[in-house]
There are 2 protein chains.
Amino acid sequence: MKKTAQIFQALSDETRLRVMKLLQERELCVCELIQVLEMSQPRISRHLSVLKNAGLVNDRREGKWVYYSLKKGAENDDVKPILETISLVANDDSVVRNDNKNLKKAVRLSEIEGCCSSRKRG
Amino acid sequence: MKKTAQIFQALSDETRLRVMKLLQERELCVCELIQVLEMSQPRISRHLSVLKNAGLVNDRREGKWVYYSLKKGAENDDVKPILETISLVANDDSVVRNDNKNLKKAVRLSEIEGCCSSRKRG
DNA sequence: AAAATATATCAATATATCTTTATATATGTA
DNA sequence: TACATATATAAAGATATATTGATATATTTT
């Protein structure tokens with residue numbers, strides 16, 4: 001009950017919904033999210049920690065970077081319909097569309113010259 | 001996007017989740033919710049207005065009473081997976097179980113002697 | 001019309017949440 | 001070891017949300 005409320009609470013913020021939509025595309029590190037969403041680092045980190053505490057995302061460190069991804073699997077089956085709902089958030093939503101455009105750009109840049117100073121992507 | 005955040009926001013409160021769970025059982029008037037949840041009238045009314053503004057519930061007046069029910073239908077298909085999720089909120093959750101018990105008692109009373117002073121149920 | 005009941009809304013206060021600025025920690029590199 | 005980069009966390013102020021107590025509105029009953 002409390003847990004469910006917490007999950008909804010985590011998703012009740014537009015920034016965090018945008019993060020969830022982006023993570024549906026691919027795993028992303030914090031610095032990529034900063035680029036795509038054009039927000040300050042502490043702000044992004046804080047939102048990510050809310051999502052993490054709600055059990056909606058996973059994080060793993062790889063060198064200097066921390067990668068976030070949607071949490072999937074058995075332990076999280078009750079979250080599936082919620083993720084479906086987020087999927088339904090219109091992809092024709094202008095904000096989401098723009099985020100996806102920025103994401104492609106960020107990934108392209110990171111492949112050419114590395115984003116966030118000098119990272120190369122696997 | 002904003003709309004979706006609003007829906008999640010509406011569901012991010014334990015009291016409102018309890019209301020949604022109860023409305024999954026049956027349409028209920030405010031005074032019944034007051035009895036079942038054992039909360040003040042303004043408090044319940046306020047929460048109901050949040051759910052209504054998010055498009056999650058419908059209200060209809062019948063005499064002195066205002067009945068609330070889950071909003072269903074085409075206009076609300078994007079809410080379906082959310083309602084599924086609420087269904088998943090364990091029925092073995094002690095709070096939910098107790099609410100359902102109170103609901104049965106309230107309905108029984110209302111059939112015998114009318115709840116909220118002297119209402120008789122259809 | 002007056003009284004009673006059911007519900008909604010408002011004003012005030014308490015509490016939680018978000019954002020920013022500053023600082024801490026972790027990792028890699030010179 | 002010192003420095004730079006990536007991320008996390010904390011303190012402070014701004015904003016939003018929840019609760020309570022008082023009052024307003026709608027409807028029925030007398």
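In the text below, chain A, chain B and the rest are named by the order of the sequence lines, each starting its count at 1.
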Distance, rounded to the nearest Å, where [X] contributes [atom1] and [N] contributes [atom2]:
X     : N      : atom1 : atom2 : result
B:E14 : D:dT17 : CD    : C1'   : 16 Å
B:Q6  : C:dT17 : CD    : P     : 18 Å
B:R61 : D:dT28 : CZ    : P     : 8 Å
A:L33 : D:dT7  : CG    : C1'   : 12 Å
A:I34 : D:dT5  : CD1   : P     : 14 Å
A:E38 : C:dT20 : CD    : P     : 13 Å
A:Q41 : D:dT5  : CD    : P     : 14 Å
A:Y68 : D:dT7  : OH    : C1'   : 8 Å

Measure from the side-chain heavy atoms of [X] and tell me the nearest of [options].
X     : options               : value
B:K64 : D:dT27, C:dT20, D:dT7 : D:dT27
A:S45 : D:dA8, D:dA18, C:dT7  : D:dA8
B:P42 : D:dT20, C:dT7, D:dT7  : D:dT20
A:R43 : C:dT19, D:dT19, D:dA8 : C:dT19

[X] side chain near [Y] side chain, heavy-atom distance below 4.5 Å:
X     : Y     : result
A:T85 : B:T85 : no
B:L51 : B:Y68 : no
A:T15 : A:R43 : yes

- [ ] On DNA chain C, check which nucleotide each of A:G63 and A:V50 is closest to and give me the residue with the more 5' one.
- [x]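 Looking at the nearest nucleotide for each, A:V50 comes out on the 5' side.
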Open item on the list: Please check this pair: side chain of B:Q35 against backbone of B:E32, looking for a donor-acceptor N/O pair closer than 3.5 Å.
Closed with: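 No: the side chain of B:Q35 does not pair with the backbone of B:E32.
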Open item on the list: What's A:R46 touching, base or sugar-phosphate or nothing? Going by heavy atoms closer than 4.0 Å.
Closed with: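 Base contact.
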Task: Phosphate OP1/OP2 of D:dT17 contacted by B:H47 side-chain N/O (<4.0 Å) - done: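 It does not, given that no N or O in the side chain of B:H47 lies less than 4.0 Å from OP1 or OP2 of D:dT17.
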Open item on the list: Applying the side chain to side chain donor-acceptor pair (under 3.5 Å) criterion to A:D99, which one of A:K104, A:K21, A:R18 satisfies it?
Closed with: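 Exactly one pass, corresponding to A:R18.
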